[in-house]
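This report refers to the structure that appears directly beneath it.
Labels below follow one simple rule: chain letters A, B, ... track the order of the sequence lines, proteins then strands, and each chain is numbered from 1.
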Amino acid sequence: METGTIVLDDLSGGFDLQATLESGQTYQWERADGRAYEEGIAHGGEQWYATVVPTGVLDGEATRMGRMEREPAASIESRSRESSDDDPSGGDESGGGYEVIRARQLDGALQWEATTDATPYLRYLLGLDDDLEAIVDRGPADPLLERAYERYAGLRIVRDPPFPTLISFICSAQMRVLRIHRMQRRLAQEFGEEVEFDGRTYHAFPTPEGLASASESELRELSLGYRAPYVKRSAELVAEGSAHPAEAGEMDFEDAREYLKQFVGVGNKVADCVLLFSLGYLEAVPLDTWIQTAIAEHYPDCEKGSYAATSRAIREAFGEYAGYVQTYVFYYLRTGGE
DNA sequence: TATCCAAGGTAAGTT
DNA sequence: AACTTACCTTGGATA
């Protein structure tokens, strides 16, 4: 086990681990005590979180910010899969091809325990190099947003691996955040590879092949409901090599969204979630029910009828980092703000 | 205790 | 293209 610390003091705009992980943008982390996010500690409490990511998600060069310098996630994830396939020995232990990372925030630092040097992973996965002060400055001067920024100062946009993000947001349709988490955990337990770390067994998110080979009824048994065939068919598209969500990462925004919509169960909203929470398109604004309500109340002029038109209008209104605005507002509204 | 309803939407079928 | 409707499941609200 390796351990380390990332000092957060000199980070532009600070950092809030709990807000970042519990704000509904990522379903790849779990609390180390095994409890669900919403039945526990008060905000600001100290807590370990754990995630499992494919080896090479970063390729060692990832600390980037924003769209212009976005890491081409396509090559990253596919390279990691290839390298793990090409490594017959599997390296050290069971679960070769994956890294386990545990992290907690304490005393102005992000402490980690992991199977590898987790610092570059965490900088990338948690958006630590986003210039949060600039992002806040350039957001619209809206009272609602001001309150959200104040309550959850330091919340950052994650960059999760593309395939798990695609699947988890396919599962998110008509679901509550708590249940989405539960579904992803069950998927990992049933179909994900076991990874040993520090005397505990973790489960990686399933591979495309793993989910493609699951039967629809097996997936329905995990309470996926009508999303089960969507997950299976989308996983098949990736497994057979005809498409990969990471490919979208090298396209212009609206082209990328259209590309993602070829996956089954992916419409405009889910596509925007993948663009924002995995591929680093910080201008993406997933138009879910919460945000649509907020738009109706605070930005009625942006309601244009169609998703595409409203999306353009709200991106114009929210500015260059519209996705950040969306994420703060979503979490703030969902946790009782108004 | 029983019943109802909505949850971070999308696909498929009609006008 | 715009508009309807069906879709699984379940936690939480209402009677």
Taking [atom1] from [X] and [atom2] from [N], how many angstroms apart are they, rounded to a whole number?
| X | N | atom1 | atom2 | answer |
| --- | --- | --- | --- | --- |
| Ile167(A) | dT10(B) | CD1 | P | 14 Å |
| Arg257(A) | dG9(B) | CZ | C1' | 14 Å |
| Tyr307(A) | dA11(B) | OH | P | 13 Å |
| Arg233(A) | dA12(B) | CZ | C1' | 11 Å |
| Asp272(A) | dT10(B) | CG | P | 9 Å |
| Asn268(A) | dA2(C) | CG | P | 12 Å |
| Tyr27(A) | dA7(B) | OH | C1' | 11 Å |
| Phe330(A) | dA7(B) | CZ | P | 11 Å |

Row check, Phe318(A) ring normal vs Arg315(A) NZ/CZ: under 6.0 Å, within 45°: no
Glu320(A): partners by side chain to side chain donor-acceptor pair (under 3.5 Å), with sequence neighbours left out: Arg138(A)
Toward the 5' end of DNA chain B, by each residue's nearest nucleotide, Asp288(A) or Lys261(A): Asp288(A)
Candidate pair Tyr37(A) and His181(A), rule ring pair (Phe, Tyr, Trp, His ring centres under 6.0 Å), full reasoning: CA-CA 9 Å; Tyr37(A) 286 171; His181(A) 272 286; 4.3 Å; yes
Joint cluster assignment, Val325(A) & Phe253(A), ILVMFWY side-chain distance < 4.5 Å: yes
dG13(B) to dC8(C) separation - P atoms, rounded to the nearest Å: 14 Å
Between dA6(C) and dC5(B) - P atom distance, rounded Å: 15 Å
Where [X] and [Y] come nearest, the two heavy atoms and their spacing:
| X | Y | answer |
| --- | --- | --- |
| Val285(A) | Tyr307(A) | O-OH, 3.6 Å |
| Gly154(A) | Thr20(A) | O-OG1, 3.8 Å |
| Gly108(A) | Asp9(A) | O-OD1, 3.9 Å |

Touch class at under 4.0 angstrom, heavy-atom based, for Val266(A) against every strand present: sugar-phosphate
Sugar-phosphate, base or nothing in reach of Thr327(A), heavy atoms under 4.0 Å: nothing
Asp16(A) and Arg156(A) ion-paired at < 4.0 Å: no
Stem segments of DNA chain C by first residue number [Watson-Crick or G-U, under 3.5 Å, at least 3]: B:1-7 with C:9-15, B:9-15 with C:1-7
Close aromatic pair by centroid cut-off 6.0 Å: Tyr27(A) and Phe169(A): yes
Quick one: which protein N/O atoms are closer than 3.5 Å to N/O atoms of nucleotides 7-11 of chain C? Pair and distance per line, please.
residue, atom, partner, partner atom, Å
dC8(C), OP1, Arg220(A), NH2, 3.3
dC8(C), O5', Arg220(A), NH1, 2.9
dC8(C), O5', Arg220(A), NH2, 3.4
dC8(C), O4', Tyr226(A), N, 3.2
dC8(C), O2, Arg227(A), NH1, 2.9
dT9(C), O2, Arg179(A), NH1, 2.8
dT10(C), OP1, Ser223(A), OG, 3.2
dT10(C), O4', Arg179(A), NH1, 3.1
dG11(C), OP1, Arg182(A), NH1, 3.2
dG11(C), N2, Arg176(A), NH2, 3.3

